[in-house]
Structure formats: structure tokens, C-alpha cells
Amino acid sequence: MIDAKLLRTELDAVAASLAKRGFELDKAAFIALEEKRKNLQVQTESLQAERNASAKNIGKAKAAGEDIQPLLAAVADLGEKLDAAKAELSQVQTRYQDLIANLPNLPHESVPVGKDEDDNLEVRRWGEQPSFAFEIKDHVDLGEKSGLLDFETAAKLTGARFNLMRGGIARLHRALAQFMLNTQVDEHGYEECNVPLIVNQDSLFGTGQLPKFSEDLFKLHADHEYYLIPTAEVPLTNIARDGILAADQLPVKLTALSACFRSEAGAYGKDTRGMIRQHQFEKVEMVQLVHPATSYAALEEMVGHAETILQKLGLPYRVITLCTGDMGFGASKTYDLEVWIPSQNTYREISSVSNCEDFQARRMQARFRNPETNKPELLHTLNGSGLAVGRCLVAVMENYQQEDGRIKVPEVLKGYMGGLEYV
RNA sequence: GGAGAAGUGGCCGAGUGGUCGAAGGCGUUCGCCUGGAAAGCGGAUAUACGGCAACGUAUCAAGAGUUCGAAUCUCUUCUUCUCCGCCA
């Protein structure tokens, strides 16, 4: 959430900043609503002050044994007036909250201004794209040839955009996940977490998926308003919700391997083939809760943590800075890692690392006690994939494929594969 | 799933419907004391919104209600604890 005070005092600057992301803020409507809210609030509060004062007088008079009937008569209609004022105020406040809750985060000044993914900026490349002396296959053909990646059966079990992995591919997928999680925990100092895959609405509001993006989520139709997590960012970040951390606890670095569930209602027709875009996938997520002064250093660090995985796997990739128009709702700045996919002759997103600054922290009231002021202040939150396991499996299969259709097991995964050299 | 108890500030914990934003303690912090420290003594110490300020308003798990007035009474929901049952 954008700071309401900033919105009031620097409306033009906020609107200009949001315009860079292609978001049009209706300034006139906001000013009108704000004016109305303020008037109603002042009016309501003065009625409440009046009520409190007379209630106090009645109390005193009663204690002194005086006749309170005249006093009661004097405030007879106050309750009704107050109720009416309160009702009107809460209506306006709800509209005001809705408006603010639906505003995306302000982009950081270092983010390139642009309309869509074509305006993203490549930062660096790593690794060499492999050359093959034979006709290469994509991961779908490779998987179906061996029978170890079975989309047809998955469609029977559930429906489109699910997959069934078996045998060596299932093992390779698990090996990748374990390798990633171990690396983030053992080498990069994250605390391993095992999180609920089902969360409530408050958590989804906190990280920004609700109220605006409910159609991307799987909702459970039970008594509770529960949803399947679209990413472990939701439970991990919400650990800090409604809490105040001591300054010496920072930075908090959390990681989790989890299944993720995305409805992606708007994505039909995109990446229909293979396991690039699925309703269910696994991901190792990294989250950091940091002092505001260090969040941009933490962002660079986290990109490095994600890059480590690809480097150890020997997968070529590039790092790009998302432009203002391509960033997610809650991000101030985002780097994407894109891995080389030979069959598509292009780089595809495999990780996204974002600094949300205080945007999520404000929504969830996640704070730390600043020793300089001794006051609770909002944290900065960051999240990033380290990495998406399914897409990484695709990259490994395609980059490590052999002429006979087998997959060579990357060196770092051999220990996880019982020493197996090929799948 | 059944029965009972409970949710109050950073933490613990008191609170007969009225002067309670809330005693007391711990913690934190400032000052005194000291060669320095500990102990001791004195002060400060929730958050948000409005206001230059004085101050006002809201918040005692959440929501609704009763009342001139609710931390306190009623209802609903959530959470925690204890006992019983069931279960991986």
C-alpha cells in the first residue's frame, strides 16, 4: 500500500510515478473523496467528543446524587445523529480503503520506464549456449519418448496444465529441489521453513494478491475463506504480519520449498505445450525482511543467490531489469533471471526477485523497532525465486539432452541421484 | 468432534458500567550517584488520524448489540490452553 500521507501531500508526484507503470490515478476523484472523508471525520469526531463529554457529566452528576433526567433529555437525539454520521463516514472510508488497496507500488527511480516486456533492460549474461550436433528435441518430446513426463495421464487425473512425472524425471525434479533448498540454507544463510500451502485472506491481502488478483488464485470452497498459495512468498512474508521485530534480528532470511498453485485465468493460449506454465508447480522461495536502508543491497544479494543455482547447474542465463510497465503489483524494483531454453531458442523466466520496499509491510503492519527513534517503523520486504523447480527441470532436460534422448545428470546433482549419470 | 477456561501495551499482569489509554512489574531509555560498573534513586516509555499547539477522536482478539456512557454486560466469529474422543 502506498503511504496515505504521501498520497495526500504529494499527489502529483505519486500520480506521475504511477503513470510510469501505465497506471492512471484519477486525481480529481481522489481529492474529492479525501475532502469528503476529512469533513465527515471531523464531524463524526466532534459528535463523539460531545457524547463523551456529556456522558462524563452524567456520571459526575449521578455520583453527586443530582437529578440526571434533564441531562439525559439534552443528549436524547445525539445518538441518532452520531450513528448517521458514523455510517456515512464508514462508507466513505471503505471506498477510500478500496482505492488505496488497489494502487500498485511506486517504481524505484532506477527502474527503466517502459510499456511492456520489450522495454526490459538486459543487465548481464552468464554461460554459453550449448551447441548440438544433432536435431534437438524439446522437453515434451524428451519426456514422452521415455514415458517419464506424462501430460496425457495428468490431464486424465485432473485436467489441462498439470503434469505427471515418473521414474528418473521425478527423481531429477526432486534432486533439483533439494539441491536448491540446501544451497540457500547451507551457503546463503536462509532459515528453512515448511509453510502452510493454504492461507487466509488477510495473508493474501498482506502480500498484495488480494483484493485485485483473486482470479489468479485457487479458492477452496469450504466454510473458511481459504486459498491455495500462489507462491511461498505469501506465508513466508506474512510471518512478520502484525509483529514488531527487534533491530538486531534483522535481516530475517527465510526460504521454503513449496508447491504453488496458480489459476492464471488470463493466460490461456500462452505456453500451452509442456510444463512451462502449469496450475501446480514447485518453487524454492527466498524472502528477506530488512532494515529500509539496506533493502537495495539485499536485492542485489538475492539476485546473486538465485544466480548461484544456475551457475552450479551450468545453465546459461541472463539477468534483466523489468521496466516500469512490466513489474508486478507490489514491486518497487524487479530483476528477472531468464534461463536458456534451446528448443525455443530463447531465454525464459525462471526467477523473479523483487524489492517491495514498505508496500507489503504497510499492508500487513510488519515493523521493527528502530533503535535511533525507539519507535516501530515499517520493514522492507523482498522476495525471489531461488528457483522455480519445474522450469529448471525443463532447462536441465533440454540443455543436457543427448542424441539418444537421454538426459545427462548435471555434476552437482549426482549425489542426489544416487550417482546416476543419465536419465 | 464433545466438555471447560482464557484472549488487556514490547513482554508479564491488575481492572465493582462513569474521572480507565488503562494500576503494578519487567524490559528499554534519559538523568543522578560512581574512578568505572552493579545496585539504588528520579523521569520518560502504545499506535493511528485530525490540529501550529493546547488538545480531540479511535483502538483492551474481531464483528454486532444493550446503554447517556462498555476493557467491564449480551450475541456471533476467530485464536490459545486443559480434559475426553478420533487420527497420519
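Throughout, a chain's letter reflects where its sequence line sits, starting with A, and its residues are numbered from 1. In this text the structure is predicted, and so the values were computed from the model without any measurement.
Listed by chain and number, the residues in a ring pair (Phe, Tyr, Trp, His ring centres under 6.0 Å) with Y296(A) are H108(A) (sequence neighbours excluded). For the ring pair (Phe, Tyr, Trp, His ring centres under 6.0 Å) test, residues two or more places apart in sequence or in another chain that qualify with Y226(A) are H224(A). Take D141(A) and apply the salt bridge (Lys or Arg N to Asp or Glu O under 4.0 Å) test, not counting sequence neighbours, and it matches R273(A).
Residue pairs meeting the salt bridge (charged side-chain N to carboxylate O under 4.0 Å, His left out) criterion with at least one partner in residues 177-197 of chain A, sequence neighbours excluded, are E187(A)-K312(A). Residue pairs meeting the salt bridge (charged side-chain N to carboxylate O under 4.0 Å, His left out) criterion with at least one member in residues 45-58 of chain A: none, sequence neighbours excluded. Judged as a salt bridge (charged side-chain N to carboxylate O under 4.0 Å, His left out), not a single pair has a partner in residues 82-108 of chain A (not counting sequence neighbours). For residues 65-101 of chain A, the pairs satisfying ring pair (Phe, Tyr, Trp, His ring centres under 6.0 Å) are F30(A)-Y96(A), with sequence neighbours left out. Pairs of residues two or more places apart, or lying in two chains, that qualify as salt bridge (charged side-chain N to carboxylate O under 4.0 Å, His left out) and include a residue from residues 408-423 of chain A are E411(A)-K414(A), K414(A)-E421(A).
Straight-line distance between the P atoms of A61(B) and G13(B): roughly 14 Å, to the nearest whole Å. Remark: the separation of the P atoms in A5(B) and U59(B) is 28 Å, to the nearest Å. Comparing the C1' positions of C68(B) and A54(B) gives an interatomic distance of 27 Å, to the nearest angstrom. Spacing between C87(B) and C12(B) at atom C1', rounded to whole Å, works out to 37 Å. With C1' as the reference atom, A38(B) and A22(B) are 34 Å apart, rounded to whole Å. Here, A6(B) and G15(B) have their C1' atoms 16 Å apart, quoted to the whole Å. When the C1' atom is compared between U67(B) and U28(B), the two are found 41 Å apart, to the nearest whole Å. Rounded to the nearest Å, the gap between the P atom of C52(B) and that of C33(B) is 41 Å.
Summarising the geometry, the separation between CG on N370(A) and P on A46(B) is reported as 17 Å, rounded to the nearest angstrom. When the P atom of U47(B) is taken as reference, atom NZ of K5(A) falls 13 Å away, rounded to whole Å. Going from atom CG of D77(A) over to atom P of C68(B) covers 13 Å, rounded to whole Å. The CG atom of L82(A) sits 13 Å away from the P atom of U66(B) (whole-angstrom rounding). Atoms CD (Q249(A)) and P (C11(B)) sit 12 Å apart, rounded to a whole Å. Note: CG (N39(A)) to P (G50(B)) measures 13 Å, nearest angstrom. Per the geometry, CZ belonging to R362(A) stands 16 Å off P belonging to U47(B), to the nearest Å. Atom CD in E377(A) sits about 15 Å away from atom C1' in G10(B), given to the nearest Å.
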Heavy atoms under 4.0 Å is the rule here; annotate nucleotides 54-65 of chain B 5' to 3' with B where the base is hit, S where only the sugar-phosphate is, and - elsewhere.
--BBS-------

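In this structure, the side chain of R262(A) engages the main chain of P230(A) through a donor-acceptor pair within 3.5 Å. Looking at T237(A), its side chain does come within 3.5 Å of a backbone N or O of E233(A) through a donor-acceptor pair. No side-chain donor-acceptor contact under 3.5 Å links D326(A) to the backbone of L322(A). Although no hydrogens or angles enter the test, the distance criterion places a donor-acceptor pair under 3.5 Å between the side chain of N238(A) and the main chain of S203(A).
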Pairs under 3.5 Å (Watson-Crick or G-U), crossing ones as [ ], inter-strand ones as |: RNA chain B comes out as ((((((((.[[[..)..(.....]]]((((((.......))))))(((((....))))).[[[[[..)....]]]]])))))))....

Taking only N/O atoms, report every protein-nucleotides 16-23 of chain B pair under 3.5 Å with atom names and distance.
from	atom 1	to	atom 2	distance (Å)
G18(B)	O6	K62(A)	NZ	3.3
G18(B)	N2	A55(A)	O	2.5

Would you tabulate the nitrogen or oxygen pairs shorter than 3.5 Å linking the protein to nucleotides 73-79 of chain B?
none

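Aromatic pair F359(A)/F329(A): centroids less than 6.0 angstrom apart.
Residue R8(A) has a polar side-chain atom (N or O) positioned under 4.0 Å from OP1 or OP2 of G50(B).
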Show your reasoning for whether ring pair (Phe, Tyr, Trp, His ring centres under 6.0 Å) applies to F218(A) and Y227(A).
CA-CA 6 Å; F218(A) 283 106; Y227(A) 295 81; over 10 Å; no

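In terms of position on RNA chain B, the residue among R367(A) and G79(A) whose nearest nucleotide sits closer to the 5' end is R367(A).
Figure legend: R363(A) and F205(A) shown as a cation-pi pair, the cationic atom lying under 6.0 angstrom from the six-membered ring centre and within 45 degrees of its axis.
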